Amino acid sequence: MEQESLAFSSHSGASTSTATVDLEQEDLAAMENDSSPELGGDDDGVQRAAELLPMPPRQSSRYKGVVPQPNGRWGAQIYERHARVWLGTFADEEAAARAYDVAALRFRGREAVTNRAVAEGASTGELAFLVAHSKAEIVDMLRKHTYDDELQQGLRRGARAQPTPPWARELLFEKAVTPSDVGKLNRLVVPKQQAEKHFPFPLRRSTDEATGKGVLLNFEDGDGKVWRFRYSYWNSSQSYVLTKGWSRFVREKGLRPGDTVAFSRSVCGTDKHLLIDCKKMHRNMPEPGAIAAARVVKLFGVDIAGEKRPPQR
DNA sequence: ATTTGTGTTGAG
DNA sequence: TCAACACAAATG
């Protein structure tokens with residue numbers, strides 16, 4: 001259901017057939033459809049009648065990628081590798097221009113020349129949405145005039161249905177956890193530079209710490225589950241830390257020294273909440289205690305480990 | 001009967 | 001690359 005096929009016109013088309021090619025993820029199939037241009041007196045000169053009827057000269061559009069249609073409507077098109085990609089027809093010029101802009105952003109990236117002011121034609125969220133879809137999908141949305149809906153729905157997904165899609169996340173930083181980060185200290189040391197750069201409040205080193213509370217921050221994990229940690233600054237060690245709630249996270253995720261925790265931020269228009277994910281260094285390696293537990297179960301045929309075994313993932 | 005969008009050309 | 005123009009293919 002991911003693959004759409006769009007028709008493209010062959011540039012040096014000697015063949016009279018319309019080439020249909022699949023737009024995959026990123027690439028438009030290259031068609032080297034070359035042959036000698038048809039020569040020879042193909043047709044006579046039967047082309048006079050039309051000239052006499054002064055069709056109101058179709059005025060060209062002031063927008064890039066927009067072309068007038070005979071019926072007064074507007075078409076949008078963009079070129080890719082010598083081939084035209086038709087983006088559909090629209091009632092008004094602006095809608096067509098908008099379609100071109102969207103396509104240009106998807107095909108040529110952030111720096112693409114568009115019709116809208118260079119400043120803000122696309123939010124970070126929209127850019128992410130675009131990149132998360134194939135060119136064919138975007139073109140299809142444009143032609144069906146469903147782009148705006150899909151975009152909104154896509155951005156919703158991040159704020160509503162729990163798991164924020166990968167494309168709606170912006171990585172802030174990662175840290176390989178140390179033994180003490182996953183030990184009994186119930187705290188994660190957040191690299192100072194990263195903390196000051198990415199985490200909410202410029203946590204006052206005396207104020208907030210003096211009161212000893214810091215701030216509570218919510219983090220969504222890969223499964224959409226929300227974790228709440230206390231984030232504060234410890235004067236004693238001159239470091240930023242995540243404390244309350246951290247040990248439970250470590251336990252539930254089975255974090256071990258050397259594993260990595262990644263912090264990112266939702267890129268959706270509104271609430272740019274924080275996200276946390278962990279990358280286990282050795283995927284299939286059972287936890288230290290797991291082996292013993294498994295043996296016990298096997299030996300005695302009793303699920304004595306059932307209660308104690310922490311949930312995986 | 002209309003509309004879409006492809007074939008095609010020539011300018012930049 | 002890009003749009004103008006003509007008109008065949010696609011649609012209702």
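Letters A, B, ... mirror the listed sequences (proteins, then strands); counts begin at 1. Since this is a predicted model, take the numbers as computed values, not measurements.
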- prompt: Tell me: CG of N71(A) to P of dA6(C), nearest whole Å?
  reply: 15 Å
- request: Please figure out whether Y79(A) or T89(A) has its closest DNA chain B nucleotide nearer the 5' end.
  value: T89(A)
query: Can you check the Y100(A) OH to dG5(B) P distance for me, whole Å?
result: 18 Å
message: Using whole Å, what does the distance between atom P of nucleotide dC5(C) and atom CH2 of W74(A) come to?
response: 12 Å
- request: Measure up the W167(A) and F129(A) rings against each other and bin them: parallel (under 30°), tilted (30 to 60°), perpendicular (over 60°).
  value: perpendicular
query: Between atom NE2 in H82(A) and atom P in dG10(B), what is the gap in whole Å?
result: 16 Å
Side chain of R84(A) - closest among dG7(B), dT4(B), dC2(C): dG7(B)
- prompt: Rounding to a whole Å, what distance do you find between R143(A):CZ and dT3(B):P?
  reply: 18 Å
query: Rounded to the Å, how far apart are F107(A) CZ and dT1(C) C1'?
result: 14 Å
task: Counting heavy atoms from C-beta on, name the nucleotide in dT1(C), dA4(C), dT4(B) closest to the side chain of P68(A).
output: dA4(C)
message: Nearest whole Å is fine: how far is dT4(B) C1' from D140(A) CG?
response: 15 Å
query: So E252(A) and R248(A), salt bridge (Lys or Arg N to Asp or Glu O under 4.0 Å) or not? Walk me through it.
result: CA-CA 6 Å; E252(A) 194 155 326; R248(A) 200 167 75 85; 3.6 Å; yes
statement: Against the side chain of K64(A), the closest entry in dA4(C), dC2(C), dT4(B) is dC2(C)
task: Consider the side chain of W86(A), meaning its heavy atoms from C-beta on, and name the nucleotide among dT3(B), dT1(C), dT6(B) that approaches it most closely.
output: dT6(B)
task: Please examine the side chains of F249(A) and F229(A), heavy atoms only from C-beta on, and report whether any two atoms are closer than 4.5 Å.
output: yes
- request: Quick one: list whatever passes salt bridge (Lys or Arg N to Asp or Glu O under 4.0 Å) with E174(A), sequence neighbours left out.
  value: K279(A)
message: Could you check whether the side chain of Q77(A) and the base of dG5(B) have a donor-acceptor pair of N or O atoms closer than 3.5 Å, going by distance alone?
response: no
task: Let me know the distance between CG of N115(A) and C1' of dC2(C), rounded to the nearest Å.
output: 13 Å
query: Under the salt bridge (Lys or Arg N to Asp or Glu O under 4.0 Å) test, which residues partner D181(A), sequence neighbours left out?
result: K175(A), R187(A)
